[in-house]
Amino acid sequence: MSDTATPTVSSLSVSNRNTMTGQINHFGKYVKLNVGNHLFLTSFDTLTKEDTMFKAMFSGRMEVVQDSEGWVLIDRDGKHFNLILNYLRDGTINLPECPQTLNELLLEAKFYCIESLIELVEQQLRKSSRKNAGDTDACCKVIMLTSAKELPNIVTTVRKPIVKLAINRHNNKYSYTASSDEMLMKNIELFDKLSIRLHNRILFIKDVTGSEEICCWSFYGNGQKMAEVCCTSIVYATERKQNKVEFFEARIYEETLNILLYENRNASVDEIIRATTPRFASAALTDDDLDEERSVTTSTVSTATATTATNRSTRKR
């Protein structure tokens, strides 16, 4: 139980210093604490449960200062004392995530000599530090094309699969349909989402060179363009043409997954295609599979031969 009411100035103006030796028994079951003008009421057992500064205070090893109303004065900021007191009560604490608050709490724990709490706060600080470092490493890099001459060199030298999104909203040869702006933003948002998720496996390029394409996805593997998804078309409105931007989400996801087939591949495109055709797929069968296939073929031939012989004997009769 704690009371955070602020005492009046008059209650603090009268104080007497009591130096006590031996265990302080006249406090009874509860102790009143004034920590930096914040008032707390707690049990004597809570304060003396662990080997902390409080146990030293109430065992006579330290000087205890009380005011005229019996409040034990502690010259410390009481901002985080409620967390410390709750930890002394049940041994658990809900630590904040803010590093500054954790450092402030660590200083208070060290002042009160609460070793177990010091260890918990230091662990949380290390965890927070690792998390922040991980967030920094997770930032992805997207190449921004500013010249059309840059793309061929990138495609031929980079070993990763490549996904390129060409954006040119300023192509205003025709006006845009009402939903085009929203669809364009959805394409950009999907590009950002994919680049964050797959930046370790795919190189993402944003093309802002001002090409004729308003919104077009291109997919490259093994130094060649493998697929393209153009999200722009021209529609005929009343007495005029308009640019229409669409959002082919499922197709874009499909081509992105397909381009991962060219990840870490040294073989040529023709070899990859040959390896995935039914004609060459049998080369991947095991010896057992081949033996089984041969036995089925032999059995089929034997059956066909027997049937032919039966038919011939029937004709002779």
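Thr256 places a side-chain N or O within 3.5 Å of a backbone atom of Ile252 that can act as its donor or acceptor partner. A donor-acceptor pair under 3.5 Å links the side-chain atoms of Thr157 to the main chain of Asn153, judged by distance alone. With Ser195 contributing its side chain and Phe204 its backbone, the two residues share no donor-acceptor pair below 3.5 Å. With Lys160 contributing its side chain and His199 its backbone, the two residues share a donor-acceptor pair below 3.5 Å. Side-chain atoms of Thr232 come within 3.5 Å of backbone N or O of Cys215 as a donor-acceptor pair. In this structure, the side chain of Asn187 engages the main chain of Glu246 through a donor-acceptor pair within 3.5 Å.
Atom CG of Asn94 sits in a sparse spot, with 12 or fewer heavy atoms from other residues, nucleotides or ligands closer than 6.0 Å. Other residues, nucleotides and ligands place more than 12 heavy atoms under 6.0 Å from the NZ atom of Lys164.
Residue Ile202 forms a side chain to side chain contact (heavy atoms under 4.5 Å, CB included) with just one option from Val163, Ile162, Leu194, and that option is Val163. Test Thr42, Thr52, Val72 against Leu47 for side chain to side chain contact (heavy atoms under 4.5 Å, CB included) and you get one pass: Thr42.
No side-chain heavy atom of Phe219 sits less than 4.5 Å from a side-chain heavy atom of Pro161. Taking the side chain as every heavy atom from C-beta outward, Thr177 and Asn243 never approach each other to under 4.5 Å. When side chains are defined from C-beta on, Phe247 does not count as touching Leu184, because their heavy atoms never get closer than 4.5 Å. When side chains are defined from C-beta on, Val229 does not count as touching Cys216, because their heavy atoms never get closer than 4.5 Å. Contact of the Met53 side chain with the Met57 side chain is registered, since non-hydrogen atoms from C-beta on lie closer than 4.5 Å. With contacts defined as side-chain heavy-atom distances shorter than 4.5 Å, the pair Lys206/Leu145 does not qualify.
The ring of Tyr30 has its center no closer than 6.0 angstrom to the ring center of Phe44. Aromatic pair Tyr262/Tyr220: centroids not less than 6.0 angstrom apart.
If you check the side chains of Asp207 and Thr209, you find a donor sitting under 3.5 Å from an acceptor.
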Glu213/Leu165 under side-chain contact (heavy atoms from CB on, under 4.5 Å): CA gap, chis, key distance, verdict: CA-CA 10 Å; Glu213 295 291 349; Leu165 175 62; over 6 Å; no

Apply the test side-chain contact (heavy atoms from CB on, under 4.5 Å) to residues Ile74 and Asn34: give CA-CA distance (whole Å), side-chain angles for both, the deciding distance (0.1 Å), then the verdict. CA-CA 6 Å; Ile74 299 177; Asn34 182 343; over 6 Å; no

Candidate pair Gln242 and Ile234, rule side-chain contact (heavy atoms from CB on, under 4.5 Å), full reasoning: CA-CA 6 Å; Gln242 284 188 311; Ile234 297 178; over 6 Å; no

Set out, in order, the CA-CA distance, both residues' side-chain angles and the distance that settles side-chain contact (heavy atoms from CB on, under 4.5 Å) for Leu83 and Leu95, then state yes or no. CA-CA 9 Å; Leu83 292 174; Leu95 291 173; over 6 Å; no

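The cluster map of Ile, Leu, Val, Met, Phe, Trp and Tyr, joined by side-chain heavy atoms under 4.5 Å apart, puts Leu203 and Tyr253 in different clusters. Leu151 and Ile259 are assigned to two separate hydrophobic clusters, defined by single-linkage of ILVMFWY side chains at heavy-atom distances under 4.5 Å. Put simply, Phe191 and Met144 are part of two different groups of oily side chains (I, L, V, M, F, W, Y) that touch within less than 4.5 Å, one to the next. Hydrophobic clustering keeps Leu107 apart from Ile118 (ILVMFWY residues linked when any side-chain heavy atoms are closer than 4.5 Å, directly or through intermediates). Tracing side-chain contacts under 4.5 Å through hydrophobic residues (I, L, V, M, F, W, Y), one never reaches Ile167 starting from Ile154; they form parts of separate clusters.
Shortest non-hydrogen contact noted between Lys241 and Ser175 is O-OG, 4.1 Å. When all heavy atoms of Ile114 and Tyr87 are compared, the closest pair comes out as CG2-CE2, 3.8 Å.
Using a 4.0 Å cut-off between charged side-chain N and carboxylate O, Arg76 and Glu108 make a salt bridge. With salt bridges taken as basic N to acidic carboxylate O contacts below 4.0 Å, one links Arg251 and Glu255. Salt bridge present: Lys79 and Glu104 bring a charged side-chain N and a carboxylate O closer than 4.0 Å.
Aromatic ring pairs are classed by plane angle as parallel below 30°, tilted from 30° to 60° and perpendicular above 60°; the pair Phe54 and Phe81 is perpendicular.
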